[in-house]
Amino acid sequence: MAEKFDCIIVGAGPAGLTAALALARAGVEVLVLERGEYPGSKNMFGGVLYSKGLHELIPDFWDEAPVERPVARWGVSFLDQVSAMSLDFKSEQFCTAPYNAFTVLRSKFDRWYAGKVEGAGAVLLTDTTVVDFLREGGRVVGVQTNRPDGELRADVVIAADGINSLLCRKGGSGLDLSADEVSLGVKEIIALPREAINKAFALNGDEGAAYTYVGSATKGIPGGGFIYTNQDSLSIGVVTKLSSLSGQDQRPEELLEAFKRHPLIWPLVKEGELREYAAHLIPEGGGGRRAPLFADGVLAVGDAAGFTLSTGLRVEGVNYSIMSGLAAAEAVKGARLLGDYTRRGLSAYPQALKKHGVLADLEKFKRTPHFFKTSRLYQEYPALACELGHALFGVEPGPKKGMFTIFKEQLKGRVAWPQLLTDAFAGWRGLS
Amino acid sequence: MSVNDKLLKTRFVVDSGNPHISVDTSLCDSCQDSACLVVCPGRCFEREQERLAFSWENCVECGSCRVVCSRKAVSWGYPRGGFGVCFRYG
Ligand SMILES: Cc1cc2nc3c(=O)[nH]c(=O)nc-3n(C[C@H](O)[C@H](O)[C@H](O)COP(=O)(O)OP(=O)(O)OC[C@H]3O[C@@H](n4cnc5c(N)ncnc54)[C@H](O)[C@@H]3O)c2cc1C
């Protein structure tokens, strides 16, 4: 192996692998370091992979990538303990190329993606944990790994090491991250025959479903539950804001167990068999988080830089990781032309992030995390939605009431009108 | 199903004798919020006779303990390359 590489990338997740792919295609000598036994062995997500970014890089990737199902059916439900008010959307259009999104299992997908990156000429070294940057005169000049003689040098290092980013936290790199605003996701893989899944979720053939649940799914703790259909398994999990969870007497796996037992959910999962239990953090900062993105000899991409859009209804991280990987690769190519890998040479990075839509979207949705902090969204509103359902569909003795009367009655004692209007406005601004 | 039963389904390559978590338990005796006891999805932290006890073999490497510990008692790192949790689905 060469003593020195043009670029070392720490982490073989979607952010690091994308940067590696773009650089390797441009003839840059790239080394990707991954601490897992294989790429994806440390990675878990919901999850849905939105096609757009990857399709641009690897046209028609779905023909060869280990995707599970194209998502045809999307649902959002407000739950109380015994009922659910749902919005369900299904479109055949989502099941033809260019597909909108696929359900994916990361341990398979990341491994496949890494293979593509190696095919483009990058070198991948697994079983290797990076423990620190190598620094000289205040700039990053490589990394220190846990292997014997584990120093590796490069013109520039890309930190793609995910949410915990222990590397950036080491300090001294100029990339020190701010306090953590994170959510915790716990998830189970439940094996079920393909036909049973199609029946339970009313799907044809390869079609997939992606469902999100708010309210009782997390017992009112800010967050939500999710179910995604894979080919012959379900991904089911709950996400909770970590700072809210820590004050509760509910443990994450107990919340997930209770979610599975909800009367709406239990019929879907009860015949299944547990195959894997996993947990992972999600950045919740939105555009509010402003970690320094680059410094002398180093850039941060993906979750390490906080580039995840988490609107509560959905988590979009992989596509922003891909876009930020592309932007970092462009900045490195620019620096290479100049022969200058200092902050100044890499200064095209923010512009490239803007070009690829990363900063713009995070900026646009920067109020979203605040909106999703209101406890009413997880307590009062799901209860209100379910009570409305009871009032709408139940037949009671006495004269029938109009819709507005029902709404007014249910609102009373739960949420004051001004509060409702403020929340509606905040929700509108946060989501649109 | 208990978390230990769940974890039996998850693959681990344990690096025997090389813990990747260390806890300065002297800081934990007077800790009121004990958030680590609640949030850890692998139930790696328990109170045993007023003292904090922790294990690291069932750690799914999420990092929640690192984030919630208000005393900075948890030193959390990654296992050596190739060791620790190894998801087959993810
Ligand atoms: C519960 C949950 C649900 C989600 N749902 C979705 C979804 O449906 N759709 C979506 O788009 N996004 C979703 N996300 C977000 C998405 O998973 C992340 O945004 C995305 O994985 C970030 O990619 P990344 O490459 O930056 O980091 P990661 O995917 O975390 O990759 C980082 C890589 O670096 C490696 N690494 C870390 N430290 C070191 C080190 N020191 N040395 C060597 N290697 C190291 C890791 O092993 C890992 O392979 C979800 C996340 C969670 C937790």
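Labels below follow one simple rule: chain letters A, B, ... track the order of the sequence lines, proteins then strands, and each chain is numbered from 1.
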Could you tell me whether B/Arg88 and A/Glu37 make a salt bridge, using a distance below 4.0 angstrom between a side-chain N and a carboxylate O? no

Does A/Ser41 reach the main-chain N or O of B/Val85 with its side chain, forming a donor-acceptor pair under 3.5 Å? no

Do any of residues 248-255 of chain A have a heavy atom less than 4.5 Å from a heavy atom of chain B, and if so, which, in residue order? A/Gln248, A/Gln250, A/Arg251, A/Pro252, A/Glu253, A/Glu254

Under the side chain to side chain contact (heavy atoms under 4.5 Å, CB included) criterion, do A/Arg35 and B/Arg80 qualify, and how do the steps go? CA-CA 7 Å; A/Arg35 69 190 187 89; B/Arg80 273 193 299 157; over 6 Å; no

Among A/Ile189, A/Val104, A/Thr145, A/Val131, which residue has the highest count of heavy-atom pairs closer than 4.5 Å to chain B? A/Ile189

Where on A/Asn146 is there a heavy atom nearer than 4.5 Å to chain B: the side chain, the backbone, both, or neither? side chain

Could you check whether any side-chain N or O of A/Lys187 sits under 3.5 Å from a backbone N or O of B/Gly90, counting only pairs where one atom can act as donor and the other as acceptor? yes

If I take atom OG1 from residue A/Thr129 and atom NE2 from residue B/His20, how far apart are they, to the nearest 0.5 angstrom? 10.5 Å

Residue from A/Thr240, A/Leu105, A/Leu33, A/Leu256 scoring the most non-hydrogen pairs under 4.5 Å with chain B is A/Leu105

Which residue out of A/Arg275, A/His280, A/Met44 racks up the most heavy-atom pairs below 4.5 Å with chain B? A/Arg275

Considering only heavy atoms, which portion of A/Thr126 lies under 4.5 Å from any heavy atom of chain B: side chain, backbone, both, or neither? neither

What option among A/Glu34, A/Arg106, A/Arg147, A/Arg111 has the most heavy-atom pairs under 4.5 Å with chain B? A/Arg106

Using a 4.5 angstrom heavy-atom cutoff, name the option from B/Ser2, B/Gly63, B/Gly42 with the most pairs to chain A. B/Gly63

Run B/Val38 and A/Ser246 through side chain to side chain contact (heavy atoms under 4.5 Å, CB included) and show every step you take. CA-CA 6 Å; B/Val38 177; A/Ser246 62; 5.8 Å; no

Might you point out which heavy atoms bring A/Tyr277 and B/Thr10 nearest each other, and give the distance in Å? O-OG1, 2.7 Å

Region of B/Cys40 in contact with chain A, defined by heavy-atom distances below 4.5 Å: backbone

Checking A/Phe109 against chain B: side chain, backbone, both or neither under 4.5 Å from a heavy atom? neither

So which bits of residues 229-239 of chain A come within less than 4.5 Å of chain B, counting non-hydrogen atoms only? none

B/Tyr89 OH to A/Ile190 CD1 distance, which is reported to the nearest 0.5 Å: 11.5 Å

Counting heavy-atom pairs under 4.5 Å with chain B, which one of A/Val130, A/Leu242, A/Thr128 comes out on top? A/Leu242

Rounded distance (nearest 0.5 Å) linking atom SG of B/Cys62 with atom CG of A/Asn164: 7.5 Å

Salt-bridge contact B/Lys9-A/Glu188 (side-chain N to carboxylate O under 4.0 Å): no

Between A/Asp127 and B/Gly82, which heavy-atom pair has the shortest distance, and what is it? OD1-CA, 3.0 Å

Side chain from CB out, backbone as N, CA, C, O: work out which of these in A/Leu274 comes under 4.5 Å of a heavy atom of chain B, or both, or neither. both

Segment of A/Leu184 engaging chain B (4.5 angstrom heavy-atom cut-off): side chain

Please step through salt bridge (Lys or Arg N to Asp or Glu O under 4.0 Å) for the pair B/Arg11 and A/Glu276, ending with a clear verdict. CA-CA 8 Å; B/Arg11 181 168 174 246; A/Glu276 187 169 80; over 6 Å; no

For the interface with chain A, which of B/Phe83, B/Trp76, B/Phe87 has the highest count of heavy-atom pairs at distances below 4.5 Å? B/Phe87

Non-hydrogen atoms of chain A under 4.5 Å away: do they reach the side chain of B/Leu37, the backbone, both or neither? backbone

